[in-house]
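To keep things clear, I will list the structure first and then write my remarks on it.
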Amino acid sequence: MPQIILEHIHKRFDKFVAVEDLNLVIEDRGFVTLLGPSGCGKTTTLRMIAGLETPTSGRILIDGVPVYDSDRGINLPPNKRDIGFLFQNYALWPHMTVYQNIAFGLEMLKWDRKRIESRVGEMLQLLKIEQFGKRYPAELSGGQQQRVAIARTLAPSPRVLFMDEPLSNLDAKLRGEMRTELKRLHSDTNSTFVYVTHDQLEAMTLSTRVCLMETGRLQQYAPPLEIYNQPANIFVASFVGNPTMNFIPVRILSREGNRIRMEMLGRQAVFTAQAPAEDLSSEGVLGVRPEFLPIREDGALTASIYSTLPAGMETTVKASCGETMLTSVVFGSVDYAVDTQVKMEITGNSIVLFDGQTSRQAGVGAVEILD
Amino acid sequence: MSTIQRDLRREPLRYRMKAFFAKPANLILLFFLIALVVLSLMPMVTMLTNMFTVHAGTEKKMLRVPVGSWTLNHFELLFADPEWSRSNFWTPLLNSLIVATGSGILGILIGGTVAWFITRSDLKCKKFISAVFVFPYMMPAWTLALFWTNMFQNSKVGGGVTGMVESLFGICMPEWFVFGLFPMIMVIGLHYSPFAYLLIGGILKNMDATLEESATILKASRFTIIRRVTIPIVMPAILSTFLLIFSSGFASYTVPVFLGSATRTFTLSTKMRALIQAGYEGQGYIMAFLSILLGTAILGINQYFTGKRKSFTTVSGKSGQVSLVKLRGANGIISAVLIVLTLFFAIMPLVSFALESVIKQAGNYSFSNMTLDFWIGTESSVFETGMPSGILMNGTMWWGLLRQVGLAVTVSLIVGTCGMLIGYACVRRRGTWLARAVENLAFFPYLMPAMAFGTIYLAVATSASFKWMYGSFFLLGLVASVKFLPFASRSGVNSMMQIAPEIEEAATIFGVPWVTRMSRILFPIQKSAIISGYLLPVINVMREVALFTLLVPYPRYLLTTMLFSFNETGYAQYGSAVTLLIIVIIILINSLVNKLTGASFDKGIGG
């Protein structure tokens, strides 16, 4: 079964380091997302696993077979790695019809004509594009081209499927539909998917594990909810979640076991960690998701409304509390006049405390504001 | 020490070599690096040494030292002797600069004005004007020069041959109008004005109209918009067009030969040839070297203009709704004038060549004075013509044509293939020093004026170890291939840039071998660009004179050099007939290009 292992992968372009010491295990039949801002090395990583790019050093194993090993000089070409690759711009061959596009790879595998015909038919049906077989790519809409690209990639039944931002060229509505289709396709085809995206929502909704990268370094590799609730550092916390997490600077006053006394927004508060907190410097940052900062009449914090953004199902409220701008998400539609004074509360057991110096997570727990 | 450095050290060179040669693009680049260093840098070195050595013939006699010994005499003569220096260097240089500057300005004025009318006003018959206006650009520049003399020469100037204007209207144009710098500027400027039109028009057409519209909304007047928005945006393009015309005008050899010989008005390139033919090879090579330096400098300046952040040429607009300037009452007059002028310069040369090739006595256009003898005459009917029979009945002409066509086909096959491969390899390995080196080396011959380039290869072919090359078909093919490679490799790079690398990678993943990827994916996609990459060198070779004139074994070896020998020896009818023949061939090839690629010269600017 295809398990993909990356060991100490480095990639440099001249002096620019694209990927640095990356270690990753992609489980069989997983749906792993490489997530990060543009230029973080996620596409390079994907292309290195696929064999389109050669790492500077390290080792890659697919299914126990080393496909790249800088020590032993192994570097298998992409076609020997039994993979499929879906490109961001689809890379459909403009001079071939839909049918020819899908059949071409199978011809190269020396399949006989009958078998190719039935396989292409099968693919056209799977992706609901039977009626387009004779058309040229230019005569199809973006969504249809996307389906043809998927059909072409899936036709030789690769055991691993790589996708490089496949949905970013589609409009918002189509993107939503294709997301559903991809998740369905993952369970139908029974293969391993590795997926590159910069859209955190896509990563959250699709994958079994998210690999979050920044400037060539792995930041956190965990299931989506773990990334959301227990971010490893401030970068991860700020990259995932929309609206962005609130980051409130705090000063650590004292600590007794799991209880940490601190000063925040000019008030005294106590943070109670779920597990024993890690070592902390005197400066910290408290990470509060907008949904854990409701507006309540009995709230302990006072803030003044800066702006209100109702979206129908929920409303994003921006309010300033002293110097700090806070974001809160309220269920349903509400509208506050600008500069209204409101009360806010920090609720729940998923408040994250970061070390102010290292930006690393120091603990997850609840906050109680003292008076 | 970081892990990267440790790991790199562990990676043996052998594996890195293997990885390097596993990419076909690397192999291609390496091959062309070596080939181009040999073919364009080495001749340069030969030429440099020739600037300091003594040649057989005049130089040997004058200096009384063995051939091949080192000397600075060429420099002394060319620069130190005031009289010699003035007539053989400074005056020709000044003339070249005047012609280059004048034709640059004229070309931009004409081309830019037409471009503005076509893209920004509601002129009538735009499509027609646009198509006819670019027509003369296809024809070699010297046809226009020849046409000019056919029209305006008269009994009072030059050889005293009566031209069309004199015989029809009885007007004798003054000498400065017929021969010398003025007609050179006119002809080169007119010839390159379609080039300016294509470049400036293309930018005006693609320029985002919202840029001008937003100025309109801010209450700027039409004139202010042109002055403050339009012109600054197209300025880099105008400058770069000017420089390209300037360098073409500077390098032009054929036009000054036709329009300057009668009054002995020399430019640098005609003087270069005259000196070499008179046995002053060393000085000729010095001039060639100087014109290469100038060409390089101009290209450097051009890159500075187009490569800087003030280059707006890539502005691409969505908005196609340009509000066209209403010409109102002037519309009819302006379009009529443009139609007449463009038709005159497109059609009249053909008519004039046809007429000149059938009249016995120059200037007399009556039927009784006409004969087809110059075309199909046989030994008995042809009198003092320098040829035993009319050109269509004559072996010399057919051989010349055959050789020229053979040369064109050979060169096109070589240049087209090399250009495509260079384009592919440079785009795939973009950013590596190897790709940069090959791209620049392939472009290097562009910097050299054709005359100077021919001179370089003459230096090689007359050197001891390459004597066998002199005057051979092989040498002509080699020179033309290197000289026309810049265009082919540029268009190769451009066409390959349009194919996303993923298109090829998608096939790589299926295990498609390189040759199949090229033949079944990349070539079919860029079919039309590749076909035109093969056909354009054909046109280039068919109309080239300056490059071959020093290298042919005898003047009537090729059709174009034959034409020149006719003209120098005064057989104007044969000259006109051969010119007409060349134009017809070029038009045929060009319409073939258009038919096969579906692209026309003016790329729908007038549409």
Side-chain angles (χ1 to χ4, degrees), chain A residues 8-14 16-17 19-21 47 50-59 68-75 77-96 100-101 103-110 137 149 152-153 155-156 158 162 164, chain B residues 1-26 428-436 495 498-531:
Chain A
H8 302 292
I9 291 296
H10 289 273
K11 174 69 184 177
R12 291 181 316 167
F13 295 102
D14 284 328
F16 172 72
V17 179
V19 174
E20 200 174 348
D21 199 22
R47 290 169 60 86
L52 293 171
E53 205 87 65
T54 312
T56 309
S57 68
R59 199 153 88 109
Y68 176 79
D69 190 330
S70 56
D71 290 349
R72 288 156 62 195
I74 297 171
N75 187 15
N79 54 311
K80 300 259 169 65
R81 298 188 183 191
D82 199 5
I83 49 145
F85 201 109
L86 194 60
F87 294 92
Q88 179 173 6
N89 56 5
Y90 319 140
L92 293 176
W93 299 306
H95 61 301
M96 297 186 190
Q100 288 166 335
N101 259 288
F104 189 74
L106 304 176
E107 280 169 38
M108 290 299 134
L109 295 171
K110 308 254 160 25
R152 184 179 71 179
T153 313
F162 297 118
D164 185 6
Chain B
M1 183 188 288
S2 84
T3 31
I4 305 178
Q5 283 166 325
R6 213 171 48 235
D7 283 342
L8 259 185
R9 215 169 348 124
R10 250 189 280 150
E11 189 181 14
L13 186 68
R14 193 155 51 93
Y15 293 135
R16 280 199 280 167
M17 294 281 282
K18 210 172 105 188
F20 180 83
F21 285 114
K23 291 198 177 90
N26 284 332
R428 279 295 168 274
R429 306 295 302 144
R430 209 159 184 82
T432 61
W433 72 267
L434 194 59
R436 261 197 301 274
S495 72
Q498 280 163 20
I499 306 180
E502 288 89 351
I503 292 273
E504 195 192 345
E505 285 168 355
T508 314
I509 283 175
F510 289 129
V512 184
W514 182 75
V515 174
T516 319
R517 290 202 303 266
M518 297 297 274
S519 64
R520 293 216 25 208
I521 309 236
L522 296 186
F523 291 176
I525 294 176
Q526 281 300 328
K527 199 170 56 197
S528 59
I530 285 164
I531 291 175

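Keep in mind that this is a model prediction, so the values were computed, not measured. Letters A, B, ... mirror the listed sequences (proteins, then strands); counts begin at 1.
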- Message: If I compare all heavy atoms of A/N89 with all of B/A500, which pair ends up nearest, and what's the gap?
- Response: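 In this case the closest contact between A/N89 and B/A500 is ND2-CB, 3.5 Å.
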
- Query: Which heavy atom in A/L92 sits nearest to a heavy atom in B/I503, and how many Å separate them?
  - Reply: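 It is O-CD1, 3.2 Å.
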
- Query: Any idea which of A/K80, A/R72, A/M96 has the most non-hydrogen atom pairs under 4.5 angstrom with chain B?
  - Reply: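 Among the listed options, the one with the most contacts to chain B is A/R72.
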
Contact check, side chains of [X] and [Y], non-hydrogen atoms, under 4.5 Å:
X	Y	result
A/R152	B/F510	yes
B/I509	A/P158	no
B/E505	A/F87	yes
A/H95	B/I521	yes

Given a strict heavy-atom distance threshold of 4.5 Å, which part of [X] is in contact with chain B: side chain, backbone, both, or neither?
X	value
A/F13	neither
A/P77	neither
A/E107	side chain

- Message: Heavy atom to heavy atom, less than 4.5 Å: which residues from residues 512-520 of chain B reach chain A?
- Response: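 Contacts with chain A: B/V512, B/T516, B/R520.
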
